[in-house]
Number of protein chains: 2
Amino acid sequence: MTPYTILPKSHYLHTEHHDKSILRVVSINVNGLRAAEKKGFMHWLAQSEADVVCLQETRLTHEQWDDKFKLEGWFAHLFPAEKAGYAGTSIYSRLPFVSVKNGLGFDLADTQGRFVEAEFDLGIGYPIYIASLYLPSGSSGEEAQARKDLFLAQYQTILATWRKENKSVIVCGDYNIVHKRIDIKNWSGNQKSSGCLPHERAWLDSLYDELGYVDTFREVRQESDVYSWWSNRGQARAKNVGWRIDYQVCSPDWKDRTVNAWVYKAQWFSDHAPVVIDYVINPKQGE
Amino acid sequence: MTPYTILPKSHYLHTEHHDKSILRVVSINVNGLRAAEKKGFMHWLAQSEADVVCLQETRLTHEQWDDKFKLEGWFAHLFPAEKAGYAGTSIYSRLPFVSVKNGLGFDLADTQGRFVEAEFDLGIGYPIYIASLYLPSGSSGEEAQARKDLFLAQYQTILATWRKENKSVIVCGDYNIVHKRIDIKNWSGNQKSSGCLPHERAWLDSLYDELGYVDTFREVRQESDVYSWWSNRGQARAKNVGWRIDYQVCSPDWKDRTVNAWVYKAQWFSDHAPVVIDYVINPKQGE
DNA sequence: CTTGCTAGG
DNA sequence: CCTAACAAG
């Protein structure tokens, strides 16, 4: 279906699966898929029992995507940045793609491989979409912050349109923004740091409070000190001085489907950790 | 005496030494002193019983020359290239320097840190000079070869002058030229390779045959299959597919002083190995 | 501090 | 294939 669909649809139908009533979705910024692979990421993926895995910052071209990134029983689609070794998103899936779409129709998303979306048929009467988003970092200066803010503005209009269309979607990704005090260890020290700026957090507020999207991790996990990213500098990860900036942002129909969520920290593939969420495909009425 | 003289001359006088009648001189292209240090080079140096050690391709600025490169009981002088992370030569010594001179008075030697010389007083009634030379590589193309050839021409006139002055000198270095068939494993396959070109080898001939300089290693070691550099590609070093391109080129007075010479291969600090030569300071008449 | 690129070897 | 710089995070 795409150059990266490595097995025919028929193969999937014969693949054993942990629980057909659950959809397990993973989001992780791999900080270079080649580096993550060397740390055992592909092996973890193969035994993760995940159904759909959204990667950010793959930093990999089509040419570099060789056999060691191919998994038996999985489909994969890569959307690299035009610039080699930079950014890029990807979706791996044990479910076949109905369709795949690169980009969002604006420059930063399309030239830097910052958004890719796959359509799936879960047999529920309407299509569902799972996307991998890599929001720009603003931490390297004013220009970077301006680009990030522009991305936020352009992307927000698209998110609003999707709600009007009643699109069923899970946007996995590295949003590079913490939402609330609970999402960062050093709240007071980062009020002027990109990723924790009031207007960035207000942008997430508007997604949830005005447009009705759901942070499904927080829906089922309210405790503090759970983060998805730690700086490489100093002993940040050892001390759990982290930020929760990787989310699965869902249309409202996924709220009641969310049954479990965790951050996988046992292994260290990247400066980000995988955010894993289990969704029931057919929730019982009133449950 | 220089910014890099880390101990006063008086200290040396109290330092135990293996054999005061022998001068042990080492030449090595370290391919980045920071990388070599991580592989144990500084530790090897400390216990080498060498008196003077000439380094090439230090790839280190003054600012980067920190405590881990300082050895108790040793003097050191660094001559970096103007361009950070590139080329550069250095001399470490347990003998105090009488004087130190950077460069040769022409552009390539002076801006790229390709020649540094130290004067020593061995108590023999005249000064001796030990230099570290890093001759340009010509292997990256025609322009590089032209720069190398220009260096050879300019340096040759200086070598001729030194002979007229009867200067006593040991020029340690990475000459990036093999001399004869015995100095390279794959002779026939490299007739068109920079470093094995007829005009380059003829340049070495002229040094030895016309100017009277001496390749002191070959003076005492005539066997084949002794090399000082192996490509990083493939299994070159494991298969001993090497080149002898690192020499101690001496004025004629050092010929009869040369008592032992070897290439130290037990450890692997760089793509080059240290060339170690022992000289008797006061050879007996007629010996 | 870490990734991957690039130039230089 | 290896080193160090660089830009980016």
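Note on naming: letters A, B, ... go to the chains in the order of the sequence lines (proteins, then strands), and numbering restarts at 1 for each one. Values reported hereafter were calculated over all heavy atoms of this structure, with side chains retained and with hydrogens, waters and symmetry mates removed.
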Check: Do the side chain of B:K148 and the main chain of B:N176 share a donor and acceptor less than 3.5 angstrom apart?
Finding: yes
Next item on the list: Please tell me which of the listed nucleotides, D:dG9, C:dG8, D:dA5, lies nearest to the side chain of B:Y86?
Entry: C:dG8
Checklist line | Phosphate contact (C:dG4 OP1 or OP2) by A:K83 side-chain N/O below 4.0 Å | finding: no
Next item on the list: Measure the distance from CH2 on B:W230 to C1' on C:dG9 and round it to the nearest whole Å.
Entry: 16 Å
Check: Is the phosphate of C:dT3, meaning OP1 or OP2, less than 4.0 Å from a side-chain N or O of A:Q56?
Finding: no
Note to self: Could you tell me how far apart A:Q235 (CD) and C:dT2 (P) are, to the nearest whole angstrom?
What the structure shows: 10 Å
Notebook entry, point to check: Looking across every strand, which nucleic acid part, if any, lies under 4.0 Å from A:Q64 by heavy atom: base, sugar-phosphate, or nothing?
Noted result: sugar-phosphate
Next item on the list: Check whether any side-chain N or O of B:T89 sits under 3.5 Å from a backbone N or O of B:L55 as a donor-acceptor pair, and report yes or no.
Entry: no
Checklist line | Within residues 192-199 of chain B, residues whose heavy atoms come under 4.0 Å of DNA chain C | finding: none
Notebook entry, point to check: Would B:D183 and B:R201 pass as an ion pair if we require N to O under 4.0 Å?
Noted result: no
Notebook entry, point to check: Between B:Q248, B:R244, B:K180, which is the residue that forms a side chain to side chain donor-acceptor pair (under 3.5 Å) with B:D215?
Noted result: B:R244
Next item on the list: Measure from CD1 on B:I245 to C1' on C:dG9 and round the result to the nearest Å.
Entry: 10 Å
Next item on the list: Would you mind reading off the distance between B:Q112 atom CD and C:dG8 atom P, rounded to a whole angstrom?
Entry: 10 Å
Note to self: Over all strands shown, is A:K39 touching base, sugar-phosphate only, or nothing at heavy-atom distances under 4.0 angstrom?
What the structure shows: sugar-phosphate
Note to self: Main chain of A:L152, side chain of A:W203: is a donor-acceptor contact present, judged purely on distance under 3.5 Å?
What the structure shows: yes
Checklist line | Nearest heavy atoms of A:D110 and A:F79, plus distance in Å | finding: O-CZ, 3.2 Å
Next item on the list: May I have the distance from B:R147 (atom CZ) to C:dG9 (atom P), rounded to whole angstrom?
Entry: 7 Å
Item checked: Listed nucleotide nearest any side-chain atom of A:S140, set D:dG9, D:dA5, C:dA7 -> D:dG9
Checklist line | Worked check of salt bridge (Lys or Arg N to Asp or Glu O under 4.0 Å) between B:R34 and B:D66 | finding: CA-CA 10 Å; B:R34 285 167 288 175; B:D66 61 27; over 6 Å; no
Notebook entry, point to check: So which one's nearest nucleotide on DNA chain C is more toward 5', B:N232 or A:A84?
Noted result: A:A84
Next item on the list: List in numerical order all residues of residues 26-35 of chain B for which some heavy atom is under 4.0 Å away from an atom belonging to DNA chain D.
Entry: B:N31, B:G32, B:R34, B:A35
Note to self: If you assign A:G234 and A:K38 each to the DNA chain C nucleotide with the nearest heavy atom, which residue ends up on the more 5' nucleotide?
What the structure shows: A:G234
Notebook entry, point to check: When you measure from the side chain of B:R59, which nucleotide among C:dC1, D:dA4, C:dG9 comes out closest?
Noted result: D:dA4
Notebook entry, point to check: C:dA7, C:dG9, D:dG9: which one has an atom nearest the side-chain heavy atoms of A:S137?
Noted result: D:dG9
Next item on the list: Spell out, as yes or no, whether a donor-acceptor pair under 3.5 Å connects the side chain of A:S132 to the backbone of A:I91.
Entry: no
Check: Run the ring-ring contact (aromatic ring centres under 6.0 Å, His included) check on A:Y208 and A:H179 step by step: do they pass?
Finding: CA-CA 10 Å; A:Y208 303 137; A:H179 188 205; 4.9 Å; yes
